[in-house]
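Here's the structure, in structure tokens; my notes come after.
In what follows, residues are counted from 1 in the order of the sequence shown.
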Amino acid sequence: MATGGAATQVSPLRRALPALTWVPRLGRASLRADAVAGITLAAFMLPAGLGDASLANLPPQAGLYACLFSGLLFWLFCSSRQTAITVTSAISVLVGTTLGALAGADAARFGALAAGTALLVALLAFIAWLLRAGVVVSFVSETVLIGWKAGVALFIASTQLPKLFGVSSGHGNFVERASIFLAHLHETNALALTMGAAALAVLVLGKVFFANKPVALFVVIGGIAAASLMDAGAHGVKLLGSVPQGIPPIGLPALRWSDLAELLPLAMACFMIGAVETVAIGRMFALKSGLRLDPNQEFLGLAAANLGAGLGNGFAVSGGMSQSLVNESAGARTPLSGLIAALVIGIVVLFFSELLRNLPQPVLAAIVLAAVAGLFRLDELARLWRYDRREFAIAAAALAGVLAAGLLQGVLIGAAISLVLLLRRASQPHVAVLGRIPGTQLFGDVAPNPENERPPGVFVFRADAAILYFNCEYLRDRFVELLAAEAPDATLAIWSLSTTANVDLAGAEMLLHLSGELQRRGIALTLADARGPVRDSLRAAGLEAHFGPITPNQSIAALIDARRPAASGARRTSTDDR
């Protein structure tokens with residue numbers, strides 16, 4: 001569980017199972033609050049489970065099983081107090097669009113592949129926990145997710161609008177599905193559209209006037225009642241159909257070893273999205289409460305949750321933002337609310353699932369459309385446009401990748417672009433020419449501060465990054481370019497290492513070669529402001545034999561002042577000779 005700042009000794013078992021620490025401390029007030037929150041959370045998760053199962057092209061019970069078995073385990077391992085584990089629209093549609101080609105028309109194999117994907121996600125999350133790889137969530141940037149989620153929202157809309165209108169749906173990418181929908185729009189079933197539009201209107205109004213209330217559950221109940229009274233099935237409205245009652249057999253899905261290799265890319269995408277979402281939700285709540293979140297612990301919770309979902313005939317799960325917000329607003333104090341929600345869903349699965357038979361598909365489509373509307377954040381895209389056109393281009397590429405190539409490809413395209421730009425930024429860091437800040441012994445960038453004084457005959461350069469094998473040549477070239485442009489008559493060049501955290505062997509060799517090149521041109525190169533680890537690296541690389549002692553107090557001002565007497569003496573000797 002998220003903790004305060006004080007460090008305490010915790011046993012390995014309690015570290016892996018945070019519930020062992022907080023469960024014994026539960027009081028009656030906490031139990032009552034968590035019970036209310038858990039029941040409220042279940043009311044939100046039931047419609048979401050049914051809707052997301054349809055997005056995943058799985059029978060409705062698969063969504064219920066995923067919520068049930070993941071919820072029974074997640075609360076034991078997670079470190080966040082309010083994060084709710086559930087099926088999500090993004091992962092569900094990713095599963096549904098990717099597995100079709102592998103399963104063909106075999107529904108049983110499709111379910112087995114979906115469960116196997118969840119087990120692979122559990123394995124990846126467990127490995128990430130073992131390696132304490134919390135940093136992995138940073139490689140899918142928020143910019144990529146903004147564009148990807150916007151693309152997902154549009155893609156999901158193309159899959160649900162045919163159900164809302166009661167017309168034939170197609171397959172393929174967004175453009176193909178949208179074209180088929182428009183071509184069959186004249187076949188709209190008036191009763192289906194009326195029921196779906198009414199449900200959508202109630203959901204939208206419910207978000208405005210009854211925020212964080214289980215409006216979707218009442219829409220489900222109302223839809224079932226209306227369909228039963230009007231005999232909607234006889235009028236061409238598609239209904240949910242039979243939902244098996246009882247707990248499914250627990251065990252490994254019927255897969256071949258060769259299936260695992262084909263499922264691995266999908267599992268990696270689901271893990272990355274699930275990890276980013278789950279950790280982001282946990283951090284949000286930790287910041288609100290002034291506590292600290294352990295991202296690596298969330299990996300273990302994610303592993304346990306997907307293990308349960310996979311063994312229980314479900315599909316991949318992650319932290320759900322809307323469900324987690326509902327959980328918090330309902331008063332949840334500990335992860336116990338998630339267990340209570342899972343138990344409520346279990347009761348529905350055991351005794352009441354048959355009541356869902358007459359749920360109209362247009363009503364279910366309305367629930368999905370209302371849920372995914374929050375994925376398309378036009379305000380976020382506009383903010384990216386105003387902030388940085390390059391960031392907007394990344395989001396737009398991820399969005400276009402989803403619509404043109406598919407959800408899995410969209411994730412990969414967005415992540416690849418992010419990594420390329422990350423490497424580009426790291427390989428071409430910011431550099432600055434420095435001048436003395438008036439009235440001080442300090443030196444600052446002259447570009448934004450032209451009043452900074454450039455010492456005559458001296459060129460001062462700073463690289464705002466580590467000097468490593470992949471950027472050292474770029475830094476060397478920028479040094480030479482700026483030297484020629486800014487101080488062509490310089491006899492002393494100073495490389496400031498004040499903002500350099502590390503220098504590897506290739507970087508040290510570059511500094512050595514640059515010094516030799518400048519020396520042949522009559523320019524002395526010296527190093528200033530090297531910090532402790534950098535000094536150690538430069539000494540280990542043997543640079544002191546060429547540059548002299550690399551000491552802690554080699555400031556830019558001190559190096560310039562130390563040079564002046566020597567330069568003055570050289571000028572006097574030259575005059576006496578004449």
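In this structure, Glu298 contributes its side chain and Cys78 its backbone to no donor-acceptor pair below 3.5 Å. Side chain of Asp34 to main chain of Leu31: no donor-acceptor pair is present (N/O by atom type, distance under 3.5 Å, no hydrogens or angles). Looking only at distances, no side-chain donor or acceptor of Asn306 sits under 3.5 Å from a matching main-chain atom of Ala122. Side-chain atoms of Asn313 come within 3.5 Å of backbone N or O of Pro249 as a donor-acceptor pair. Distance alone, capped at 3.5 Å, places no donor-acceptor pair between the Thr86 side chain and the Cys67 backbone. At distances below 3.5 Å, at least one donor-acceptor pair connects side-chain atoms of Gln82 with backbone N or O atoms of Ala332. Remark: side-chain polar atoms of Gln297 are paired, donor with acceptor, to backbone N or O of Phe77 under 3.5 angstrom. Side-chain atoms of Ser70 never come within 3.5 Å of backbone atoms of Ala305 as a donor-acceptor pair (strictly under, hydrogens ignored). Put simply, the side chain of Asn296 gets close to the backbone of Ala133: a donor and an acceptor are under 3.5 Å apart.
Within the 4.5 Å cutoff, the side chain of Val402 has no heavy atoms near those of the Leu154 side chain. Contact check for Leu46 versus Val220: no side-chain heavy atoms found under the 4.5 Å cut-off. Two residues are said to be in side-chain contact when any heavy atoms from C-beta on lie closer than 4.5 Å; Val317 and Phe74 fail this criterion. For the pair Gln323 and Met45, the minimum side-chain heavy-atom distance is below 4.5 Å. The shortest distance between side-chain heavy atoms of Ser80 and Ile281 does not fall below 4.5 Å. Annotation: side chain of Tyr65 is in contact with side chain of Pro244 (closest heavy-atom distance under 4.5 Å). A heavy-atom distance below 4.5 Å is found between the side chains of Trp75 and Val23. Inter-residue side-chain proximity for Pro362 and Leu193 is flagged as unmet; no heavy-atom pair is nearer than 4.5 Å.
The CD1 atom of Ile146 sits 4.5 Å away from the CD atom of Glu380 when rounded to the nearest 0.5 Å. Taken to the nearest 0.5 Å, the CZ atom of Phe174 stands 9.5 Å off from the CZ atom of Phe155. Taking CG from Leu381 and CZ from Arg377, the interatomic distance works out to 9.5 Å, rounded to the nearest 0.5 Å. Distance check: Leu364 CG to Leu239 CG gives 11.0 Å after rounding to the nearest 0.5 Å. In this structure, the separation between CG on Leu339 and CG on Leu73 is 9.5 Å, given to the nearest 0.5 Å. Considering CG of Leu76 and CG of Leu17, their distance stands at 6.0 Å, rounded to 0.5 Å.
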Throw together a table of side-chain donor-acceptor distances under 3.5 angstrom for residues 224-232, partners on residues two or more places apart or in other chains.
from, atom 1, to, atom 2, distance (Å)
Ser228, OG, Ile224, O, 2.8
Ser228, OG, Asn358, ND2, 3.2

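Between Phe126 and Phe271, the ring centre distance reaches or exceeds 6.0 Å.
When all heavy atoms are compared, the tightest approach of Val243 to Pro60 is CG2-CG, 3.7 Å. Here the shortest heavy-atom pairing between Ile85 and Ser318 reads CD1-C, 3.3 Å. Across all their heavy atoms, Phe315 and Ser92 have their closest contact at CE1-OG, 3.3 Å. Looking at every heavy atom in both residues, Pro253 comes nearest to Ala112 through CB-O, 3.5 Å. Of all the heavy atoms in Pro295 and Val279, the pair that sits closest is CB-CG1, 4.1 Å. Closest of all the heavy-atom pairs between Leu102 and Arg109 is O-NE, 3.5 Å.
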Leu55 vs Gln160, side chain to side chain contact (heavy atoms under 4.5 Å, CB included): CA-CA, chis, key distance, verdict:
CA-CA 9 Å; Leu55 288 178; Gln160 298 305 302; 3.3 Å; yes
Can you check side chain to side chain contact (heavy atoms under 4.5 Å, CB included) on Phe218 and Val202, steps first, answer last?
CA-CA 10 Å; Phe218 292 105; Val202 172; over 6 Å; no
Show your working on side chain to side chain contact (heavy atoms under 4.5 Å, CB included) between Phe165 and Leu185 and close with a plain yes or no.
CA-CA 8 Å; Phe165 282 74; Leu185 198 56; 3.8 Å; yes
Can you check side chain to side chain contact (heavy atoms under 4.5 Å, CB included) on Val87 and Ile91, steps first, answer last?
CA-CA 7 Å; Val87 291; Ile91 290 179; over 6 Å; no
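Annotation for Phe376: atom CZ counts as buried by contact number, over 12 foreign heavy atoms lying within 6.0 Å.
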